Number of protein chains: 2
Amino acid sequence: MMKRHIYDCQAGCPVESTLQIIAGKWKSVILYHLFVDHNCHFSDLERKIKDCSHRMLAIQLAELEHDQVIAKIPTNTANRPIYVLTEFGKTLKPVITAMATWGDYYNAHMTKEAQQLDTNEDKKSKLDMPLPKPNLL
Amino acid sequence: MMKRHIYDCQAGCPVESTLQIIAGKWKSVILYHLFVDHNCHFSDLERKIKDCSHRMLAIQLAELEHDQVIAKIPTNTANRPIYVLTEFGKTLKPVITAMATWGDYYNAHMTKEAQQLDTNEDKKSKLDMPLPKPNLL
DNA sequence: CAGCATCCTCTTTGATACTG
DNA sequence: CAGTATCAAAGAGGATGCTG
């Protein structure tokens with residue numbers, strides 16, 4: 001277990017190195033919520049990320065913890081730890097912020113398109129989307 | 001075909017919207033190379049991304065083209081088009097840049113750690129990595 | 001509630017081969 | 001060279017049940 005998508009961290013592309021850490025299906029989403037809320041229980045994340053199953057959430061959290069991106073902190077309430085970003089994990093903020101910013105712009109544009117009843121699937125509709133600007137986190 | 005990881009673009013998390021477009025195993029890597037080189041032949045990308053198979057590269061390019069992120073431009077040399085970013089695709093630059101910047105810092109830090117013969121796997125070694133700063137693209 | 005284990009299914013992906 | 005098709009192997013992921 002704990003194998004994962006193997007990208008080549010050496011030869012060349014720095015994006016592959018980043019993917020080695022955040023490429024899990026729900027990892028960047030989990031990180032986004034932790035940047036917003038700072039600390040969450042398992043059940044908090046489960047509620048925020050509805051499409052991620054209980055099992056998947058546990059796996060993704062375990063991998064992020066293994067990679068020192070997040071840490072599990074015990075609480076007085078037994079068996080109900082909170083998850084927080086480590087200092088290392090916090091260095092990923094620019095990446096998650098960029099993703100969140102772009103996603104918001106994309107949503108805003110797509111929603112507007114949808115309101116125009118743009119039925120021709122999604123052809124051409126994306127091509128005039130303006131550059132994202134604001135910052136969220 | 002052309003199914004793909006379905007994230008919830010509506011309810012809440014903007015990161016999920018971004019993933020809907022760039023979550024493919026090699027998509028962000030392809031985009032990185034296109035931001036660096038501006039236009040590439042299929043074989044150029046194949047050479048740059050050694051761990052991505054011929055088949056996978058074709059699939060990822062097809063999906064990116066379908067999503068209007070890149071465009072395939074015919075050339076005089078028959079059957080040898082070049083791939084370029086669309087205007088829409090260019091809006092992803094901040095995202096790819098953030099990933100590349102972080103990856104470079106991560107590599108620099110990990111390499112230094114490796115030189116110190118840090119054998120205890122990777123425990124704790126990531127925790128003191130400084131925040132990434134420079135911009136590459 | 002958190003989270004691990006098992007089972008079982010569907011998807012992804014590499015290897016190989018074939019076309020324009 | 002670019003792109004597609006087929007096949008088999010590997011991996012991802014849901015459902016369920018069990019434990020502390």
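Every value quoted in this text rests on a predicted model; they were computed, and no experiment measured them. Residue numbers begin at 1 in each chain, while the letters A, B, ... track the order of the sequences.
Put simply, CG on A/L61 and SG on A/C52 are 8.0 Å apart, with the number rounded to the nearest 0.5 Å. Atom CH2 of A/W102 sits about 5.5 Å away from atom OG1 of B/T91, to the nearest 0.5 Å.
Looking only at distances, a side-chain donor or acceptor of B/D44 sits under 3.5 Å from a matching main-chain atom of B/H41. Panel note: side chain A/T86, backbone A/A71; no donor-acceptor pair is recorded below 3.5 Å.
In this structure, CG of B/D44 is placed 12 Å from P of D/dG3, rounded to the nearest angstrom. One can place CZ of A/R47 at 13 Å from C1' of C/dC1, the figure rounded to the nearest angstrom. Between B/I82 atom CD1 and D/dC1 atom C1' the separation is 15 Å, expressed in whole Å. For the pair A/L61 CG and C/dC1 P, the interatomic distance rounds to 16 Å; values are reported in whole Å. Put simply, CD1 on B/I73 is 18 Å from C1' on D/dC1, counting in whole angstrom units. When the C1' atom of C/dC4 is taken as reference, atom CZ of A/F42 falls 11 Å away, rounded to whole Å. The nearest whole Å value for the distance from the NE2 atom in B/H66 to the P atom in D/dG3 is 17 Å. For the pair A/H41 NE2 and C/dC1 P, the computed distance is 11 Å after rounding to whole Å.
Listed here is the closest heavy atom pair of B/I21 and B/L64: O-CD2, 4.3 Å.
The side chain of A/S43 contributes an N or O atom lying less than 4.0 Å from OP1 or OP2 of C/dA2. For the pair A/K72 and C/dA2, the criterion of a side-chain N or O lying under 4.0 Å from OP1 or OP2 is not met.
Using a 4.0 Å heavy-atom criterion, one finds that B/H54 contacts the bases of the nucleic acid, with or without backbone contacts as well.
In this structure, the nucleotide among D/dG3, C/dG3, D/dG20 sitting nearest to the side chain of A/Y83 is C/dG3.
By the salt bridge (charged side-chain N to carboxylate O under 4.0 Å, His left out) test, B/K25 is found to be paired with no residue, residues two or more places apart in sequence or in another chain being considered.
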Pairs: protein N or O with nucleotides 13-15 of chain D N or O, under 3.5 Å:
residue: D/dG13; atom: N7; partner: A/R55; partner atom: NH1; Å: 3.3
residue: D/dG13; atom: N7; partner: A/R55; partner atom: NH2; Å: 3.0
residue: D/dG14; atom: OP2; partner: A/S53; partner atom: OG; Å: 2.7
residue: D/dG14; atom: N7; partner: A/R55; partner atom: NH1; Å: 3.4
residue: D/dG14; atom: O6; partner: A/R55; partner atom: NE; Å: 3.4

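Each salt bridge (charged side-chain N to carboxylate O under 4.0 Å, His left out) pair with one or both residues in residues 27-40 of chain B, not counting sequence neighbours, appears once here: B/K27-B/E63, B/D37-B/K48.
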